[in-house]
Structure formats: C-alpha cells, structure tokens
Amino acid sequence: MAVFNVELKKVVDDSYEIELGYELYDRLVEDIKGGLVGNIRKFAVVTDDIVEPLYAAPIRERLENAGYFVKVFTIKNGEKSKIRATKEYIEDAMLDSGFRRDCCIIAVGGGVVTDLAGFTAGTFGRGVPFINYATTLLAAADASVGGKTAVDTPLATNLIGLFNQPEKVYIDINAWRTLPRRQLCSGMAETIKHACMADREFFDFLSENLEKIYAFDKDACEHAAQCNCRIKYSVVMKDERESGLREILNLGHTVGRAIETVSGYRLLHGEAVSIGLAAQAHLSRRLGYMTDDEVSKVEELLKRAGLPVLIPDYIDREELVKKLYTDKKVRDGKLRFVLQKGIGDVVCFGENSYAAPIDEQTAREIINEI
Ligand code: GLY
C-alpha cells in the first residue's frame, strides 16, 4: 500500500475593517470600486422585506449606477426565516439568476440576515466573499461582527453554520432610527451583555445614557457602537473558534437561547438574552460571585432598557430545563454556564476555562426563581 502525505499548511489572513457611520452606501460602493472584493462585478444583495426598500434599494441603485450586476434576494423578516429552507431558497434563486463562484454576497439588515447570508456565502460555490451592512443595533453589537454564521433548526438556534469572516462590516447608525422600539431594545440586551462581562465604565455609561441612546443622540450612539465593537473584536481576535475565551460572549445565552426556542420565537433574541442575563446573575450571586446590589443593578438596567427579566408565564419551565441541554457549551452531558464576576468581568475557572459545570437541580432552582 502506498501512503501519500497531503501537506496543506496554511497561513490565513481574515482581517477586516468595521466602519461605523451614517448612510454608508457611497462608502460601500467606493470600497468595492477600490478592490474590496477584487475584480468581482456581480453582487447578490440579501435582505428582508422591511429593510429592502429602506436600505437595500439605495445600495442596489448605487452599485448599478457604478456598472455592477446586482440582484436583490428578499426574505421575510424575523427569526423564523433563519432556517435551512430559506438558505436553499436564496441559493436556488441565485443560481437561477446566473450567479456562480465569481460573485459577492452583501447582507443588508439585522442579525437574521447577516447570519443567513454569511452562511450562504460560506457554502455557495464552495465559498464566495460577503460583506455585512448592519442596519440594527443587534447586528451592530453582535451578529455582524465575529464571523459566526448559522441557521436555526427545530431543536435549537444556530446549530448549523460556519465560522466565516466578512470582507468588511458597515454599521449604519442612522438605520437605528427606523427600528421598531422593540427591536431597538432587543439590540440593547447584547450591548448590556458586553458591559456586564467586560467593562464596568461602559455599564455606568449605559446606566447614565440609556435614554440618550434611545433618543438617537449622536455621541451616545457612537460611543455605544464603538464600545460594542471594541469588546467584541478584542475577544474574537484572541479566540475566533471559541476554544475557550470566546465562550464569555455567551453570557446570558445558556438560558437565553433555550427560552428563545421554547417561546416559539415569541421572544426576540435580545429579550431572551435579557432573561438569560438575569438568570446567570442569580446563579452568580448564589455561587458568591455577585452581590445583591450588583444583581439589582443589572436587572434595573435591563428593565429600564425595556427588556424582560422574568420568565413569562406561558413558558413551561421543565421544558426550558430540558432545552438547556441543546446548548453548545454542554460537555460530557453537563450544563455549563458563563458567570458574571461583579459588574464588568466574568469568572475564570482555570486556564482558558470560562464556563462552570452546573448541576441540573441548581439550574432548575434558578429558573424557578425568576
Ligand atoms: N454571539 C456570540 C459570539 O459571537 O461568540
């Protein structure tokens, strides 16, 4: 028998820029003209039915005026669209429109669109480049940055996907103005999560400036957007593939992701994360990592941000306990939680270990407490 040694050592540079600003359509087209995605001339714009007329249309118009071939693929807004069937729909529609490997996908929208489009880009023609144009606070705070792309399955959210980094991320702060209030609040949950896990000053800033952000005060919005990016990329740069440190971005997500699914998506992602943040704070207090006062401060900020901190009555708590086991952090059949240490830090449980094993009964008690 012969043995062949296939040597495929690689040095990969997946670096990219995140640009924050207002109505960044012209910047996007200038970057493309300047070679952001090489010589590509075909663009598939993936968006949803709310965002399409507001932000995808101006991008399409400018790209067409610059001589590029552009088609817009529109999905229905909402988490229920983030499924394999929608990915298949986009892929088939792109193929029918003549798209092959020499194209680039531009995701214009919130987290559902950027997650779905980024995953589609990772597999279309075995991988084409993609650009994120984030129009929501949630996408700005979390989804559009860091390269996690995925779809949901009936069992749980984000179970099928890829680490796939975009060519560039544009964060259009102006677009937050057209968000329904509930969506804006949902995005604030990921923002508060960043403050809770990494930055006490940012937490105090949010406490003092929440109303200014909700009133679209320029300085307050820019500061929040910058802090989100700084905190998120500082983690992702050290641990892109979540071998340890990146788990801290999961703060509040163990209960959060489970309750989002059990609610049948009646809860928006941020609303579910908010309840998850409250749950981990209660757990953290029980284990001695947070004081009563710190837990109250976190819950107060979430409530002031228009977010829930209690599990709604329509949720079956035992079903929720079972759903916790679909969490990606589960190891050897054991639940694992990331826990806040005071405000602005997380507990480290050993070298590169940021999630603690928690027995089911303790998790159940916390779920019954909130
Ligand atoms: N949203 C969690 C992460 O990006 O790792």
Side-chain angles (χ1 to χ4, degrees), residues 14-16 18 79 82 107 109-119 121-122 130 132 134 136-153 156-166 169 171 183 186-199 202 224-225 227-261 265 267-277 279-280 307 324 326-331 336-340 346 348 352-355:
D14 269 342
S15 314
Y16 59 93
I18 306 165
E79 189 74 29
K82 210 179 102 175
V112 168
V113 168
T114 59
D115 276 14
L116 186 65
F119 184 22
F130 76 107
N132 281 338
T136 67
L137 174 57
L138 191 132
D142 185 39
S144 71
V145 180
K148 274 191 181 174
T149 70
V151 291
D152 303 332
T153 68
T157 60
N158 294 331
L159 287 184
I160 308 287
L162 289 171
F163 287 103
N164 190 23
Q165 301 295 344
V169 178
I171 290 176
Q183 291 286 352
S186 176
M188 190 55 78
E190 294 284 4
T191 305
I192 294 173
K193 175 198 82 176
H194 281 152
C196 285
M197 60 169 243
D199 193 332
F202 185 35
C227 287
N228 276 327
C229 286
R230 174 177 48 77
I231 293 167
K232 175 107 196 222
Y233 81 62
S234 69
V235 174
V236 173
M237 282 195 309
K238 291 186 197 125
D239 180 21
E240 184 204 2
R241 305 249 155 178
E242 203 165 307
S243 62
L245 180 69
R246 189 165 179 167
E247 285 190 333
I248 71 173
L249 294 173
N250 256 269
L251 187 74
H253 282 61
T254 312
V255 170
R257 288 178 63 248
I259 201 169
E260 187 180 5
T261 315
Y265 301 105
L267 288 169
L268 297 178
H269 180 69
E271 292 168 341
V273 167
S274 175
I275 294 168
L277 284 172
Q280 69 76 33
L307 290 160
L324 294 177
T326 62
D327 185 49
K328 289 195 277 324
K329 292 186 299 307
V330 167
R331 212 175 274 166
R336 291 166 69 246
F337 278 70
V338 178
L339 294 173
Q340 227 177 294
V346 285
C348 180
N352 209 27
S353 172
Y354 295 90

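Counting convention: from 1, in listed order, for ligands and their atoms alike.
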His253 and side-chain contact (heavy atoms from CB on, under 4.5 Å): which single residue from Asn158, Val273, Thr157 fits? Val273

For His194, the ring pair (Phe, Tyr, Trp, His ring centres under 6.0 Å) test, sequence neighbours excluded, returns none

Salt bridge (Lys or Arg N to Asp or Glu O under 4.0 Å) partners for Lys82, two or more places apart: Glu79, Asp115, Asp152

Report each N/O pair between ligand 1 and the protein that falls under 3.5 Å, naming both atoms.
residue: ligand 1; atom: 1 (N); partner: Asp142; partner atom: OD1; Å: 3.0
residue: ligand 1; atom: 1 (N); partner: Asp142; partner atom: OD2; Å: 3.1
residue: ligand 1; atom: 4 (O); partner: Lys232; partner atom: NZ; Å: 2.7
residue: ligand 1; atom: 4 (O); partner: Arg246; partner atom: NH2; Å: 2.8
residue: ligand 1; atom: 5 (O); partner: Lys148; partner atom: NZ; Å: 2.9
residue: ligand 1; atom: 5 (O); partner: Arg246; partner atom: NE; Å: 2.7
residue: ligand 1; atom: 5 (O); partner: Arg246; partner atom: NH2; Å: 3.4

With no hydrogens and no angle check, just 3.5 Å: does a side-chain donor-acceptor pair link Asn228 and Thr191? yes

So which heavy atom on Ile171 is nearest to which on Cys229, and how close? CD1-SG, 3.8 Å

Which residues pass the side-chain contact (heavy atoms from CB on, under 4.5 Å) test with Ala225, not counting sequence neighbours? Leu20, Ile173, Trp176

